[in-house]
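What follows is a set of notes on a single structure, which appears directly below.
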Amino acid sequence: MITREEIANVLDQPVYDGDGNKIGDAKHVFFDDMTGRPEWVSVKTGMFGSTESFVPIRDAALVQDHLEVPYGKDQVKGAPSVDVDAGGHLSETEEHRLYDYYGINWDSVLSEAERTDDSPRAAGPGTAGAAGAAGAAGLAGTRGEAGGKDLRGTAGAGGTAGTAGGMTGRQDAMEREAMRGDQAMTRSEEQMHIGVERHESGRARLRKYVVTEEVQQTVPVTHEEVRVVREPITDANRDEALAGPEISEAEHEVTLHAERPVVETETVPVERVRMTTEELTENETVRGQVRKERIEAETESFTEDEMRQGDKRRGRE
């Protein structure tokens, strides 16, 4: 169960269901008027937090930086829409509807409230204001009345529920300044800060493999052929011509030669290949949304009758 001391850690924090799904952000915490304990938390859901749903906080748990409730996201978003009066209270009827929706027994809540009703109040009107100044919670609901009747006698769910709004320390300080007569407001806005982060975008590698190519080259080759040369008998070769027998058979053999291509391969280094990286800078447009506060002056005009009535009231005072 969330205690009053933990309210500051609940407001404006994410709210998750039991399956880890984000439901929205906690905006207000409502206290039970009889027990003074946190009873409901309102959660901003929908697009841009346009819807506010009520969730029982009795079985919720504060886990690290978020609030975890034992109800599904769809169930919370489908909770009945309730109206909160100007004093920050839930009516008995509205609270009864919420208990029925979440399957919480109304009689058991009443019995629990009666058992703890005699215990000291965790916070009253004075201490709630101090908590708001510290930035923990706004208004803590005190023991209220509905239709002039004591809620202890009529409200089966422990009376109506007070509200602890998400009032920060700055807002509370502004209210105190307004009470002192300071009419100034502080305007704030969000600023977008953009940075860069380095991450892996891919991998590159060098891979060596073998391919076979056909190479064609023309080389000159020579060969020998036989050519018969006939010479007439002259005085210069007569002696060689008459050296042999007059009439005979003979053979003379000549060896012919020819060239042919011979192919050999050898491995030789031709180049070195390596990889390097270089950084290229390019501009990228980043878009986001920031919230800004605007302050406008509103003027209300009074009719003559209203001003005369105001003068009469001041004269009576």
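Note that the numbering runs from 1 along the sequence shown for the chain. Note that the structure is predicted; figures quoted are calculated from it, not measured.
Considering only heavy atoms from C-beta on, Pro261 comes within 4.5 Å of Val221 through its side chain. Leu98 is not listed as a side-chain neighbour of Glu94, based on a closest heavy-atom distance of 4.5 Å or more. By the 4.5 Å heavy-atom criterion applied to side chains, Ile57 and Phe30 are not counted as neighbours. Residues Glu293 and Ile295 are not in side-chain contact: their nearest non-hydrogen atoms beyond the backbone lie 4.5 Å or more apart. Contact check for Val55 versus Val15: no side-chain heavy atoms found under the 4.5 Å cut-off.
In terms of modelled atom types and a separation under 3.5 Å, the side chain of Ser42 and the main chain of Glu52 share no donor-acceptor contact. Checking side-chain atoms of Tyr102 against main-chain N and O of Gln75 turns up no donor-acceptor pair under 3.5 Å. Between the side chain of Asn237 and the backbone N or O of Pro232, at least one donor-acceptor pair lies under 3.5 Å. One N or O on the side chain of Glu224 and one on the backbone of His257 form a donor-acceptor pair closer than 3.5 Å. Checked by atom type and distance alone, the side chain of Asp17 pairs as donor or acceptor with a backbone atom of Lys73 at under 3.5 Å.
Closest approach of Glu259 to Pro220, counting heavy atoms only: OE1-O, 4.1 Å. Listed here is the closest heavy atom pair of Leu206 and Met275: CG-CG, 3.4 Å. Minimum interatomic distance between Leu11 and Lys27 (heavy atoms only, all atoms of both residues): CD2-O, 3.7 Å. The two residues Gly20 and Tyr16 have their closest heavy-atom pair at O-CD2, 3.4 Å. Closest heavy-atom contact between Tyr101 and Pro80: CG-CD, 3.5 Å.
Atom OH of Tyr71 and atom CD1 of Ile23 lie 11.0 Å apart (nearest 0.5 Å). Interatomic distance, Ile7 CD1 to Leu62 CG, rounded to the nearest 0.5 Å: 9.5 Å. For the atom pair CD of Glu296 and CE of Met185, the computed distance is 11.0 Å after rounding to the nearest 0.5 Å. The distance from atom OG of Ser53 to atom NZ of Lys77, rounded to the nearest 0.5 Å, is 8.5 Å. Taken from CD in Glu95 to CZ in Phe54, the straight-line distance is 10.0 Å, to the nearest 0.5 Å. Rounded to the nearest 0.5 angstrom, Asp25 CG and His66 NE2 are separated by 12.5 Å.
Checked for salt-bridge contact, Glu189 and Arg187 meet the test: a charged N lies under 4.0 Å from a carboxylate O. Salt-bridge check for Glu190 with Arg291: passed, with a basic side-chain N closer than 4.0 Å to an acidic carboxylate O.
Val43 and Tyr99 end up in the same hydrophobic cluster when Ile, Leu, Val, Met, Phe, Trp and Tyr side chains are linked at under 4.5 Å.
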For this session: Please assess Met192 against Val290 for the test side-chain contact (heavy atoms from CB on, under 4.5 Å), listing each intermediate value before the final yes or no.
Result: CA-CA 7 Å; Met192 185 168 63; Val290 295; 3.8 Å; yes
